[in-house]
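Chain naming here is simple, since letters A, B, ... match the order of the sequence lines and numbering starts at 1 in each. Note that the coordinates shown come from a computational prediction; the quantities given were computed from them, not determined experimentally.
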Amino acid sequence: MAGRPRRPLSAGGIFGHNAFMKIASFNINGTNARLPRLLEWLDAYKPDVACLQEIKMQTENFPVETLKDAGYHCLVHGQKGFNGVAILSREPAVETRRGLPGDETDEQSRYLEADVAGVRVASIYLPNGNPQPGPKFDYKLAWMARLQAHAQNLLAGGGAVVLAGDYNVIPNDDDVWRPEAMANDALMQPESRAAYRALLWQGWTDALRAVHPGGQVWTYWDYQAGAWARNHGFRIDHLLLSPAAADRLVDAGVDTAVRGAEKASDHAPVWVTLR
DNA sequence: ATGCCCGCTTACAGCGGA
């Protein structure tokens with residue numbers, strides 16, 4: 001039959017060898033403590049983009065050379081001892097924002113954003129907010145209001161955007177092994193959930209929820225009380241997709257086995273693939 | 001009811017995490 005010659009799928013792929021783009025989020029809970037696990041995960045699961053949270057070190061100390069040897073470019077927004085986010089990518093990334101707008105006095109490193117292969121990607125480490133009520137919970141809700149305002153601006157651009165990170169919000173009762181056990185926690189207060197829902201109502205798609213609508217999918221297991229062995233987890237790491245990104249959604253999941261390794265983070269990586 | 005466990009800090013005890 002006449003017409004355009006068939007080419008293998010990969011020829012049209014943005015990464016040459018892969019028609020799909022895998023974007024992951026992983027709260028590593030300390031770069032120095034987790035670097036071997038991080039490298040193992042990158043090698044085994046090969047995300048095209050990896051948004052990291054809780055790198056817990058200053059920007060200049062991040063092991064960019066080691067990660068370059070592993071095949072990744074790094075953008076880093078660090079902080080000594082606490083917090084800190086990064087974006088690793090196979091393709092070079094162009095930074096578009098460092099820090100969440102809306103409060104010039106906020107010195108915590110919890111937001112980093114970049115363009116990678118035509119997709120706007122953010123690495124988010126939303127405040128925990130415990131104990132509640134109190135100033136930390138107030139900071140969490142104020143941070144979520146700022147995120148809501150910025151997310152609205154991102155949507156207005158109309159492009160493919162992925163807001164990936166540790167949101168420290170358990171959106172629904174079926175996102176936690178036993179809701180009663182967490183009832184007084186900042187992660188599932190009505191105000192926290194309402195702020196998360198307000199984001200979704202803007203037009204974002206919770207990718208993991210869309211692929212696993214029945215819930216019971218965990219991304220975090222506490223180090224304490226044998227939570228991993230008992231599978232007492234909850235879902236707080238989320239990938240929110242703009243409509244243009246959601247149109248390209250192929251799959252989403254959790255690299256659960258990563259949580260079972262020696263010296264593991266208390267979070268497992270979560271990911272989406274976009275066509 | 002609290003702590004369990006973990007990572008971090010000009011550390012060796014206390015804080016933050018979730």
Inset, instruction - May I have the distance from A/Ile28 (atom CD1) to B/dC6 (atom P), rounded to whole angstrom? - result: 17 Å
Legend entry - Spacing of the C1' atoms in B/dC15 and B/dG3 (rounded, Å): 15 Å
Legend entry - Qualifying residues under side-chain contact (heavy atoms from CB on, under 4.5 Å), relative to A/Asp222, sequence neighbours excluded: A/Tyr220, A/Gln224, A/Ala227
Inset, instruction - Give A/Ala225 one of three labels, base, sugar-phosphate or nothing, depending on what nucleic acid heavy atoms sit under 4.0 Å from its own. - result: base
Inset, instruction - Can you tell me, in whole Å, how much space there is between the P of B/dG14 and that of B/dC4? - result: 13 Å
Legend entry - Pair A/Asp115 + A/Arg97: basic N to acidic O under 4.0 Å: no
Legend entry - Salt bridge flag under 4.0 Å for residues A/Arg146 and A/Asp106: yes
Legend entry - Pair A/Arg235 + A/Asp206: basic N to acidic O under 4.0 Å: yes
Inset, instruction - In whole angstrom, give the distance that lies between atom CG of A/Asn61 and atom C1' of B/dC8. - result: 13 Å
Legend entry - Interatomic distance where CH2 belongs to A/Trp221 and C1' belongs to B/dC6 [whole Å]: 17 Å
Legend entry - Nearest-angstrom distance from the residue atom CE of A/Met57 to P of B/dG7: 13 Å
Legend entry - A/Asp174 with A/Arg209: basic N within carboxylate O range, under 4.0 Å: yes
Legend entry - Euclidean distance, atom CD1 of residue A/Ile55 to atom P of B/dC8 [Å, nearest integer]: 11 Å
Legend entry - Separation of the C1' atoms in B/dG16 and B/dA11, to the nearest angstrom: 15 Å
Legend entry - Integer-rounded Å distance: B/dC8 P and A/Leu35 CG: 11 Å
Legend entry - Non-neighbouring partners of A/Thr219 that pass side chain to side chain donor-acceptor pair (under 3.5 Å), sequence neighbours left out: A/Asp237
Legend entry - Interatomic distance at P, B/dG7 relative to B/dA18, whole Å: 14 Å
Inset, instruction - Do nucleotides 10-18 of chain B as a string where each nucleotide becomes B, S or -: B if the base has a protein heavy atom under 4.0 Å, S if just the sugar-phosphate does, - if no protein is that close. - result: S-----SSB
Inset, instruction - Hey, could you give me the NZ/CZ distance between A/Lys263 and A/Arg34, rounded to the nearest 0.5 Å? - result: 6.5 Å
Inset, instruction - Between B/dC8 and B/dC12, how far apart are the C1' atoms? Round to whole Å, please. - result: 13 Å
